[in-house]
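Just so we're on the same page: letters track the sequence lines, and every chain starts at 1. What you see is a predicted model; the values in this text were computed from it and never measured.
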There are 2 protein chains.
Amino acid sequence: MLQIQNGHPQGPVDGHARLRPLSDFSGSLANRSYLALRAAILDLGYRPGEALRKVEICAQLGVSRSPVAEAISRLAAEGLVDVVPQAGTYVARFSMDEIREGAFLREAIELAAVEVIAPILTEKQLVQLRRNLRVQDILVADGDFRGFYALDGEMHELILSFTGFKKLAYVADTAWLHVNRARQLILPMPGRVAETLEEHKAILAALETRDPDAARQAMRAHLGRLITFLEPLERDHPEFFAPR
Amino acid sequence: MLQIQNGHPQGPVDGHARLRPLSDFSGSLANRSYLALRAAILDLGYRPGEALRKVEICAQLGVSRSPVAEAISRLAAEGLVDVVPQAGTYVARFSMDEIREGAFLREAIELAAVEVIAPILTEKQLVQLRRNLRVQDILVADGDFRGFYALDGEMHELILSFTGFKKLAYVADTAWLHVNRARQLILPMPGRVAETLEEHKAILAALETRDPDAARQAMRAHLGRLITFLEPLERDHPEFFAPR
DNA sequence: GCTAACATGCTAACATGTTACAGATACAAA
DNA sequence: TTTGTATCTGTAACATGTTAGCATGTTAGC
């Protein structure tokens, strides 16, 4: 996928303890290995460009190469790692193109979602959204950014689930993966969090009017603002980005 | 993923010759096995609900279980097969919900695509579209439905590629997989093909005006018509659909 | 006849041995 | 110094042996 021409700069930072134990996850060993690796990559525990040593990972997780191989092939499909045949596996570097593409895809999905659900939202569903927003309010007041991000994600997930389509959230999340990884580099700014909350409220308000176009507009405004905070990243952290 | 509770009805139909040889494909053995299986499933060479016998597949393709296992895990991720741990792998049945979801996702992507490209299309890109449409015209006149479907796919691919995003076409195709499989059950109707051509022309016409809303509308009309032909399938071919 | 314990066959999941290629290094030739 | 070639190392890709869970058929018990 990505050609790495010469030398693979940084090796492991400390050589261990970046993977949570498999007992934290559920499912087959392959699935658990996948989740453990994915979490570590998204947390930047493995740094972009770094080589993944399969034997080391096997030892750390206490499993054989088979489940780890399957985990890595799934990560490759999502674009989180680059596999160079017969040579090595490397944590994918950021790419502003991929981030923009993920944002575009997610925007397409969420705009289509609010458009279809706006006219047919039930009172029960609106209650769920209102409750979520009230909690967001409290978390912002408390300065609990981590909690706020969780509720943020939940709100978007709720909206997608109201379409009745089951895999939509998965596709949107996969698209958003690179954005989420990049977001680790941005310190949460109190002002931005308050703004985000206002944008969420505007989305709910539009949905309450049951006007598809208004809902689209509110959602577009929200997602459009997000990307503006990501654009400067390439300048600020060039070491994590793929050379152009 | 899908719970199969009781008995796995139909076995192999003729037991062989449904897989094209690996030499027809390129890449690693795992990738080639994936492509061969995928093609066979989409062609309905393997029927929905049928069990996939890994050893048989290995023998037919002349490879060991490893590449076939990876191929199957990819197919499972795309929802084309259902893996029941320690029990068996079955070709996924159709599900009208999944078909609708795929259509929704593809519509979301293509509407977003025409919306962004409409104002910025280059003359060169328009020429590509016009040329594609002229060929479609000829193929319809010749009654070459197979060729027409190929050009149809190419046109949608062109439009997505003009956004500059690389994986968009892949996501749209994956979403469309179930629809494509279901489409095998519909005989091409000359009238419908001519209609489709007109819809394609309307899309190009809208793009030529560089009006995003007109382009959205034309694309929406096109994709919306398609799904109406799929809805009767569940009634006409209940044996291929998952029980509700 | 009906139910439940058990035995059997088949499968995915996992472990591990083997192969072949990419890439680095060393060195020879120009 | 540069360039080409041989070798050597580490890795993914592949092959195959092993384990354990599910479905089913059979038999024992009632």
* Structure fact -> Rounded to whole Å, CZ of Arg65(B) lies from P of dC14(C) at a distance of 14 Å

* Over how many whole Å does the gap from Ile72(B) atom CD1 to dT11(C) atom P extend? -> 11 Å

* Asked: If only side-chain N and O atoms of Thr89(A) are considered, is one of them under 4.0 Å from the OP1 or OP2 phosphate oxygen of dA12(D)?
  -> yes

* Asked: Charged N to carboxylate O under 4.0 angstrom, Arg18(A) versus Glu50(A)?
  -> yes

* To do: Determine whether the side chains of Tyr149(B) and Glu154(B) contain a donor N or O and an acceptor N or O closer than 3.5 Å.
  => no

* For Val55(B) and for Pro67(A), locate the closest nucleotide of DNA chain C by heavy-atom distance; then report the residue assigned to the nucleotide nearer the 5' terminus. => Val55(B)

* Does Ser66(B) get its side chain close enough to the base of dA15(D), under 3.5 Å, for a donor-acceptor pair? -> yes

* Take atom CD1 of Ile57(A) and atom C1' of dT11(D), then tell me their distance rounded to the nearest Å. => 13 Å

* Asked: Checking only heavy atoms, does the side chain of Arg53(A) share a donor-acceptor pair with the base of dG10(D) at less than 3.5 Å?
  -> no

* To do: Could you pick out which residue, Val63(B) or Pro85(A), lies toward the 5' side of DNA chain D when each is mapped onto its nearest nucleotide?
  => Pro85(A)

* Structure fact -> The answer to which of Ala87(A) and Ser64(A) contacts DNA chain C further toward the 5' end, by nearest nucleotide, is Ser64(A)

* Asked: Do Asn132(B) and Gln128(B) meet the criterion of a side-chain donor-acceptor pair at a distance under 3.5 Å?
  -> no

* Base partner of dG29(D), which must satisfy Watson-Crick or wobble distances under 3.5 Å -> dC2(C)

* Within this structure, what is the CD-to-P distance between Glu56(A) and dG10(D), rounded to whole angstrom? -> 14 Å

* Watson-Crick or G-U wobble mate for dA28(C), both contacts under 3.5 Å -> dT3(D)

* Structure fact -> Of the candidates dA15(C), dC14(D), dA12(C), the side chain of Gln86(B) sits closest to dA12(C)

* Val83(A) side-chain proximity, nearest of dA12(D), dG23(C), dA15(C) -> dA12(D)

* Asked: Hey, does Ala30(A) reach any base, or is it just sugar-phosphate, or nothing, if we go heavy atoms under 4.0 Å?
  -> sugar-phosphate

* Using a strict cut-off of less than 4.0 Å between a Lys/Arg side-chain nitrogen and an Asp/Glu carboxylate oxygen, indicate whether Arg47(B) and Glu239(B) qualify as a salt bridge. => no

* Rounded to whole angstrom units, what separation is found between the NZ atom of Lys54(B) and the C1' atom of dA15(D)? -> 13 Å

* Asked: Rounded to the nearest Å, what distance is computed from the CG atom of residue Leu52(B) to the C1' atom of nucleotide dC10(C)?
  -> 15 Å

* CG of Leu29(B) versus C1' of dA20(C): gap in Å, rounded? -> 12 Å

* **Basic-acidic side-chain contact under 4.0 Å: Arg74(A), Glu70(A)** => yes

* Please report, rounded to the nearest Å, how far the C1' atom of dA12(D) is from the CG atom of Leu75(A). => 15 Å

* The side chain of Ser28(B) lies closest to which of these nucleotides: dC14(C), dG17(D), dC14(D)? -> dC14(D)

